[in-house]
A.B. asks: 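Okay, handing you the structure first.
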Amino acid sequence: MTRLSFTVTPVIIIVVAAILAILNLGTPATSALHVSDFVVGLAGKYLCYAMLALAVDLVWGFAGILTLGHAAFFALGGYAMGMYLTREIGARGVYANAQLPDFMIFLGWKNLPWYWHGFAHFPFAIVMALIVPGVLAAIFGFFAFRSRVGGVYLSIITQALTYALLLAFFRNDMGFGGNNGMTDFKDILGAPIGRSSTGTALMVISAICTALAYIGARWLTGSRFGKVMVAMRDAESRTRFLGYRPEYYKLVVWTLSAMLAGIGGALYVPQVGIINPSEFAPANSIEAVIWVAVGGRGTLSGAILGAVLVNLGKTILTGALPGAWLYALGGLFILVTIFLPRGIVGSLRRKNARDAILPTSDEPQGIAAIDSVQADLRESGAEMEKPA
Amino acid sequence: MNQPIGPTSDTILYLSGVNKTFDGFRAINNLSITLDRGEMRAVIGPNGAGKSTMMDIITGKTRPDAGRVVFGASTDLTRMDEPAIASLGIGRKFQKPTVFESHTVWDNLLLALAGDRRARFTLRARRTAAETEKVEALLETIRLTSHRNRLAANLSHGQKQWLEIGMLLAQDPQLLLVDEPVAGMTDSETEQTAHLLRDINRTRSVVVVEHDMAFVRALGVKVTVLHEGSVLSEGTLDHVSADPRVIDVYLGR
Amino acid sequence: MTPAACLSDRKSPDAVLSLRPSHHPRHLPRVMAGKGGTRRGFASLCCALALTLFLVFGGAKARADTAADPYAGLASQSFDSIVSAVQAVALSGDARAHQVLDALGNNALYTWRYDRPDHALFIHDPQTGKWLNARTGDPVHAPPFMQVRRIVANDMVKNALQTATGVLDLSSPDPALRKAAASAIFANPAAATLPGVRHALSIEKNPAARAALLQAEAADILSTPSASSDERLAAIHAVAARDDMPARNLLSSLQGEHGPVATAAAAAIAHIDFTLRLWSWLETVYYGLSLGSVLLLAAAGLAITFGVMGVINMAHGEMVMIGAYVTFSVQQVFRAYIPDMFGSSLIVAIPAAFLVAGAIGILIERCMIRFLYGRPLETLLATWGLSLILQQAIRSIFGAENQNVGTPDWMSGYFALGGLTITLNRLAIIVFTIIVLAALMAVMRYTPLGLRMRAVTQNRRMAASMGIRTPWIDAMTFGLGSGIAGIAGVALSQIDNVSPNLGQNYIIDSFMVVVFGGVGNLWGTTLAALVLGIVNKALEPVAGAVLGKIVVLVLIILFIQRRPRGLFPVKGRAVEA
């Protein structure tokens, strides 16, 4: 953990984004060096995924909470931005009604629902993209961590959470566009969505946000708070007997992580031009986990690298061999968990033993392994009672 | 056996009429124990006698069905959870060494140092000179000075045991609960551990749960024998060894 | 004219005449509702009064024609006359009546455009283009099309037709048809049909048909304002005995009445409401049990792998899906080679699905999961990856679309049990679930494999040191869990779309069941599945299907936080040590 590596990752992100932006805007379309809007859009999308990956890595890699529902926070942030963009359409919709979005008119609604008020203002939407995921995470986390729900149980209920939201957002009467979600956005802060310069600006903003998120996460994990968090991941009951309250540490990092995911989602929506309930699909959350696993759980640069690499692979493979992507993704899940449990960055760092964040060996094998998982399953109880 | 009426100013830990049942199994049955300030006590007993459950109850991991558990003069432990009890000054060492394997020896001790445990403090905390000094002193005590930058995961079993004891000391507890500290140790390590515990006992009260009779003898302290969740016998090791009820229980007559 | 003739001798024109007034009950003075005493006496009074009334109102001439030829009125230009004629034809007992009335209902009855004395009626079959003499059924030459007109039935006529055909069917030779006709009259009672019903009742021997006729009679009486108070009270009792919705509707039409009749009706309605609530409650329970048994089938295998082995198998849903595809493949073989035996295809599919899914499960355990023991979170991710591969593989082999899995005849259809409609496929699944569960428990309890599995669960080290080959037990356990999932797939193929996504739809629900019930406890899983099924179905009418599901998910999330080990946590010292 040198000061150098602290700055290398954000510098790389910013520099690459700047180069892409210059080559996109500063060269003619005919030039060999020209970077197309499509590539810039992809880069922006990957950066949003990288923020989601950072969020997942904070809770999984450092606090040991395997979340299978983080895409829910991402999607909620996306919906907050989608609502702003929808209000921004104004009278340019199909029904040319400045007061109501098209889908509400289509449903025969007369008034804007109360929870839509304020979303016409950009700052309000941004604040909501942070607050809504944050508050949901805080409420969920408060109950879950206080009751000491942990391990796979927590994973399963996070999945149930995003599944419940998926079902809810599919409903028309929720007032978020139901099945179709929101799309056909016209402009953001007055800049037309489709224009090349807008796309490039969004990509650069995403890069800056990712870099800032990385620096923030580095600061957090490097602080004494971060040390307690890792301690808690490795030996939760020990931290408790030392006088720490793991539930509050988990709650803080869980909520911060949800807000980071929300920002990722908010930047994602104007770049892809649509938000719909499928963003809540449990599969999305699990995919985010595999990005982190590929890059290296517990390494922040690994999370970013994993998100970019896996999605790059997805883009290339779905273009070349549409049927093969799911095989590749499924194979990636299996191979990484069995053969590369530390991920790319984690494995590279292992050579430098001082930097290793995960325990070096000592994972129980064979019979002891199953014993420990069975004990884990039963131990994750509220009372943690254990006779003699 | 003299049953004390209640905690006195000299008492650090007072258990009275404690009961705990797990699904019909009486793990602790009307258990009463009094520990004086500055005392070291060895608790022995066959498997299932309730030794670990007793530790769980004192440290707040398990809530008793009935009975009083008082720390110091009047602090009721049955209403508190583990972090609160730990903050009062009760440290616990597990049977299996439990240290933070991803952290260096130094960080392990730093995290254990007495201080503010709240998230809002640790978010802004900077290492102070006083902290550095304390950790260095502890490293000396547990003989891990040269290992200060190694990851705890890479320590030997005995070193982990010692690190954990060091972490307990860093907490600066008034009462230390130690669960089978010499399990899996070599003879010389065992001997050193007995020394260490006696050193610790100069300033703190200690409860040691142990199977190893040689170790208990080396400690040379008052012994409490648990059986079926209550006190069977109490006194010196020689006294309890001569107690016919203890012999019955151990020999299974 | 005797009363007996009035009711039994339908051929008698007088009888037809005498029945007329009751077709227009509203025109009758209240006098008619005198003291009828016996039914027969009442009828004769009706006949007499009717005759008198006709004479008084001076329709004698026209009606005389009707009496001679019930069909004549159909040729009239007036809808009122047509209605009267329809009723007359229905009660005439003429063998041709049914066909003529059907023709009128089907817009196939014609008469002269300009009325001629013979009031000729023709039935035209537009398909064959043939013309018949309606009265005789003999073929005739096509009349010049400019000289005939179609007899049009308005709503009033159609109503009359409905009632009339109902009465006609009362004399059908088939008892089932007679019963159906009586039920139809009950559903649509009219004073007009009362005499017909009573006549039928007097000759009906079949008990089922007779019971239906008694109901119809009671309904008709309640629709006859002229009926006596006593008669109406008796009728209310008879109708109330049905305890169903049609009875309630009929009784609620009496709400305008006064005195004891209204009181009796209100009491009967209250009773029926109670019964109906009871039935709807039972129906919810039945639907809930049905859903619960589906959940249980899907979750039982998971309870084994998750509960016994501590392995989180996210590909469990795909094992279910594979079971469904095995069913499809078996059926394809049956369709191709032995279509006559199609009914037994499911019987073959059950062991096939168990073996295929079980074999795949053992393969997965040996090739993948055993490397991940002790790392539950990694197991979760790896098996999720596996589920993606299995889905995509099925998609590559069979295509992404839904496959047509047939339901054998013995599993289709339904029957009524009191106020419940029991569909056979749902019932079959409930029974099937019970059998599977019993078999599973027997395997766990009585077989050497089950004994070893339980030993390994309780104390792996001890089991290993006693010579049990724990890796082999792990593989078999995983195979058993997967095989059960395959069997669940056979059942699900009967009620859900068989597509590569089949498993995905059940995996979260299955996990909820296992977690809710308490890991490692089949009884807990069973109870959890049934409770979740019933709660889901109970919430549906209140909150809607989707919202109900969300509510259930939120409830489970809250529940797990209160009791993280489920309803029935595994207890005891051995497993905790």
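Just so we're on the same page: letters track the sequence lines, and every chain starts at 1.
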A.B. asks: Tell me, for C:Leu372 versus chain A, whether the close heavy atoms (under 4.5 Å) come from the side chain, the backbone, both or neither.
C.D. replies: side chain

A.B. asks: Without swapping roles, check the side chain of A:Ser285 against the backbone of A:Ala71 for a donor-acceptor pair under 3.5 Å.
C.D. replies: yes

A.B. asks: Please identify, among A:Leu332, A:Leu335, A:Ile156, A:Val289, the residue contributing the most non-hydrogen atom pairs under 4.5 Å to chain C.
C.D. replies: A:Ile156

A.B. asks: Checking the side chain of C:Arg454 only, and the main-chain atoms of C:Met444 only, is there a donor and an acceptor separated by less than 3.5 Å?
C.D. replies: yes

A.B. asks: Report the C-alpha separation of C:Leu555 and C:Phe559 in whole Å, then their side-chain angles, then the decisive distance to 0.1 Å, and conclude whether the side-chain contact (heavy atoms from CB on, under 4.5 Å) test is met.
C.D. replies: CA-CA 6 Å; C:Leu555 286 179; C:Phe559 175 84; over 6 Å; no

A.B. asks: For the ring pair (Phe, Tyr, Trp, His ring centres under 6.0 Å) test, which of A:Tyr248, A:Tyr249, A:Phe73 pairs with A:Trp254?
C.D. replies: A:Phe73

A.B. asks: Pick one of side chain, backbone, both or neither for A:Ala283, based on which atoms fall under 4.5 Å of a heavy atom in chain C.
C.D. replies: both

A.B. asks: Based on non-hydrogen pairs under 4.5 Å, which of C:Ala393, C:Pro471, C:Ser387 is most in contact with chain A?
C.D. replies: C:Ala393

A.B. asks: Please determine, among A:Pro282, A:Ala164, A:Ala293, the option with the most heavy-atom pairs under 4.5 Å with chain C.
C.D. replies: A:Ala164

A.B. asks: Which pairs with one or both residues in residues 169-179 of chain A pass salt bridge (Lys or Arg N to Asp or Glu O under 4.0 Å), sequence neighbours excluded?
C.D. replies: A:Arg171-A:Asp173

A.B. asks: Rounded to the nearest 0.5 Å, how far apart are CD of C:Gln391 and OH of A:Tyr327?
C.D. replies: 11.0 Å

A.B. asks: Who are the ring pair (Phe, Tyr, Trp, His ring centres under 6.0 Å) partners of A:Trp291, not counting sequence neighbours?
C.D. replies: A:Tyr49

A.B. asks: Less than 4.5 Å to any heavy atom of chain A: does that hold for the side chain of C:Arg370, its backbone, both, or neither?
C.D. replies: neither

A.B. asks: For C:Leu380, which atoms come within 4.5 Å of any heavy atom of chain A: side chain, backbone, both, or neither?
C.D. replies: side chain

A.B. asks: Counting only non-hydrogen atoms closer than 4.5 Å, does C:Ile508 touch chain A with its backbone (N, CA, C, O), its side chain (CB onward), both, or neither?
C.D. replies: side chain

A.B. asks: Give, as side chain, backbone, both or neither, the part of A:Trp60 having an atom under 4.5 angstrom from any heavy atom of chain C.
C.D. replies: side chain

